Structures are given as C-alpha cells and as structure tokens.
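Worksheet: the structure to be examined is printed underneath.
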Amino acid sequence: QVQLVESGGGLVQAGDSLRLSCAASGRTIASDVMGWFRQGPGKEREFVAAIKWNSGITYYEESVKGRFTISRDNAKNTVYLQMNSLKPEDTAVYYCAARRSLVLTTLVKEYDYWGQGTQVTVSS
C-alpha cells in the first residue's frame, strides 16, 4: 500500500504561482510513476503531468507545458507540481497518483493509488 497526501492548494489570482506537494508513505515508490491529475467542476478527471520516479523522465498535458513543472525529492519521498502563470481554467481539485509500473501513462484507470485531492482556485 502507498499513502499519498497532497498539500499546497489555495485561492490565487490569474498569473500567480502555486506549488503543490504530494508526500508518499508506505511501500517504496522507487519503481513507480507518479502523476498529477485534476478535476474541474462538472468535468472528468484529467491528466496534468507525470514523472518516472527512478529516471526523472517527465510528461505534460499540452495546455500546461511551459507553465507547470513536475519534480521529485527522493530523500523526502515527495513529488511536487510547480504551477506558474495560472489561469482561471486551471481551477480544479488536483490529485496525486501512483502507478506500480515503469511505464508512464496518462490514463486515470492505470493508476493504483490516489491522494485525497487539494483545491486550486484561480480568480480572474
């Protein structure tokens, strides 16, 4: 089992920045893929970014490329999502997820563990 706890959400204005954190505990995640997803009001949960824990290889959804950066801290067992130049359409609950595989994927159903989510609200 892996426990994931997100933090760092909040209410910001358009153009501001936020950094989300996802602390992992339980089974080692050294061989996992870690992902960030989001779910806006009335929308399906969607992929935002992912990172291979062992290699640091990353992948981003097109709309966040150049604005968001996913990273990990091995010593702290924590994954981060740095979000810059935030837009009102980035408003959503953001979820951290872990996949027990070395294969990076954007599919919600392929992730095995989920955090409880953290709200990000961007006002115009």
Side-chain angles (χ1 to χ4, degrees):
Q1 288 289 332
V2 175
Q3 291 78 45
L4 303 172
V5 179
E6 303 99 332
S7 60
L11 171 62
V12 297
Q13 294 187 329
D16 285 350
S17 298
L18 275 176
R19 188 178 79 158
L20 305 183
S21 300
C22 172
S25 61
R27 184 183 64 83
T28 178
I29 57 173
S31 60
D32 286 4
V33 170
M34 301 296 295
W36 284 98
F37 292 78
R38 65 187 179 186
Q39 188 165 13
K43 297 182 179 181
E44 298 282 325
R45 191 170 298 189
E46 64 177 9
F47 172 80
V48 175
I51 186 168
K52 289 189 175 183
W53 191 271
N54 57 352
S55 66
I57 293 173
T58 60
Y59 185 77
Y60 296 92
E61 192 271 327
E62 196 63 35
S63 70
V64 307
K65 279 183 181 178
R67 299 190 299 125
F68 291 10
T69 302
I70 187 170
S71 62
R72 86 271 195 242
D73 185 323
N74 290 343
K76 295 182 178 180
N77 241 24
T78 298
V79 175
Y80 302 98
L81 186 68
Q82 177 67 43
M83 305 186 295
N84 299 329
S85 303
L86 282 161
K87 305 175 181 180
E89 51 264 44
D90 295 319
T91 294
V93 177
Y94 282 71
Y95 297 90
C96 175
R99 180 170 193 245
R100 294 171 299 179
S101 170
L102 290 173
V103 178
L104 196 153
T105 177
T106 64
L107 299 177
V108 171
K109 65 180 183 179
E110 297 294 333
Y111 285 76
D112 302 294
Y113 304 102
W114 292 85
Q116 82 288 352
T118 185
Q119 176 71 48
V120 172
T121 303
V122 185
S123 64
S124 58

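Position 1 is the first residue of the sequence; numbering continues from there. All figures in this text were calculated on a predicted structure; none of them were measured in a lab.
For R19 and Y80, the positive end sits near the middle of the six-membered ring, less than 6.0 Å away and at most 45° from its axis.
In this structure, Y94 and R38 approach most closely via the heavy-atom pair OH-NH1, 3.0 Å. Across all their heavy atoms, A49 and L81 have their closest contact at CB-CD1, 4.2 Å. Annotation for T69 and Y60: closest pair CA-OH, 3.3 Å, computed over non-hydrogen atoms. Shortest non-hydrogen contact noted between G8 and L18 is O-CD2, 3.6 Å. Shortest non-hydrogen contact noted between V48 and V64 is O-CG2, 3.6 Å. The minimum heavy-atom distance linking S55 with R72 is given by the pair C-NH2, 3.9 Å.
Remark: K87 NZ to S124 OG distance equals 14.0 Å, nearest 0.5 Å. One distance of note links CD of Q82 with CD1 of I70; it measures 12.5 Å at 0.5 Å rounding. Rounding to the nearest 0.5 Å places CE of M83 at 11.0 Å from CG of D16. Rounded to the nearest 0.5 angstrom, L4 CG and T78 OG1 are separated by 10.5 Å.
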> Is there a side-chain contact (heavy atoms from CB on, under 4.5 Å) between Y59 and K52 once you walk through the steps?
Replying inline: CA-CA 9 Å; Y59 185 77; K52 289 189 175 183; over 6 Å; no

> Between W114 and R45, is a side-chain contact (heavy atoms from CB on, under 4.5 Å) present by the stated rule, with each step listed?
Replying inline: CA-CA 12 Å; W114 292 85; R45 191 170 298 189; 3.3 Å; yes

> Which is it for E110 and V103 under the side-chain contact (heavy atoms from CB on, under 4.5 Å) test, yes or no, and what are the steps along the way?
Replying inline: CA-CA 10 Å; E110 297 294 333; V103 178; over 6 Å; no

>> For a side-chain contact (heavy atoms from CB on, under 4.5 Å) check, start with the C-alpha distance between V33 and Y111, then their side-chain angles and the critical distance, and finish with the verdict.
In response: CA-CA 9 Å; V33 170; Y111 285 76; 3.6 Å; yes

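Side chains of D112 and D32 form no contact here, defined as non-hydrogen atoms less than 4.5 Å apart. For the pair L86 and F68, the minimum side-chain heavy-atom distance is below 4.5 Å. At least one side-chain heavy atom of W53 sits less than 4.5 Å from a side-chain heavy atom of V79.
Remark: of the listed residues V108, T105, T106, T106 is the sole one forming a side-chain contact (heavy atoms from CB on, under 4.5 Å) with F47.
Here the side chain of Q116 pairs a donor or acceptor atom with the backbone of E6 at under 3.5 angstrom. For K76 (side chain) and A23 (main-chain N/O), no donor-acceptor pair under 3.5 Å exists by modelled atom type. A side-chain donor-acceptor contact under 3.5 Å links N77 to the backbone of A24.
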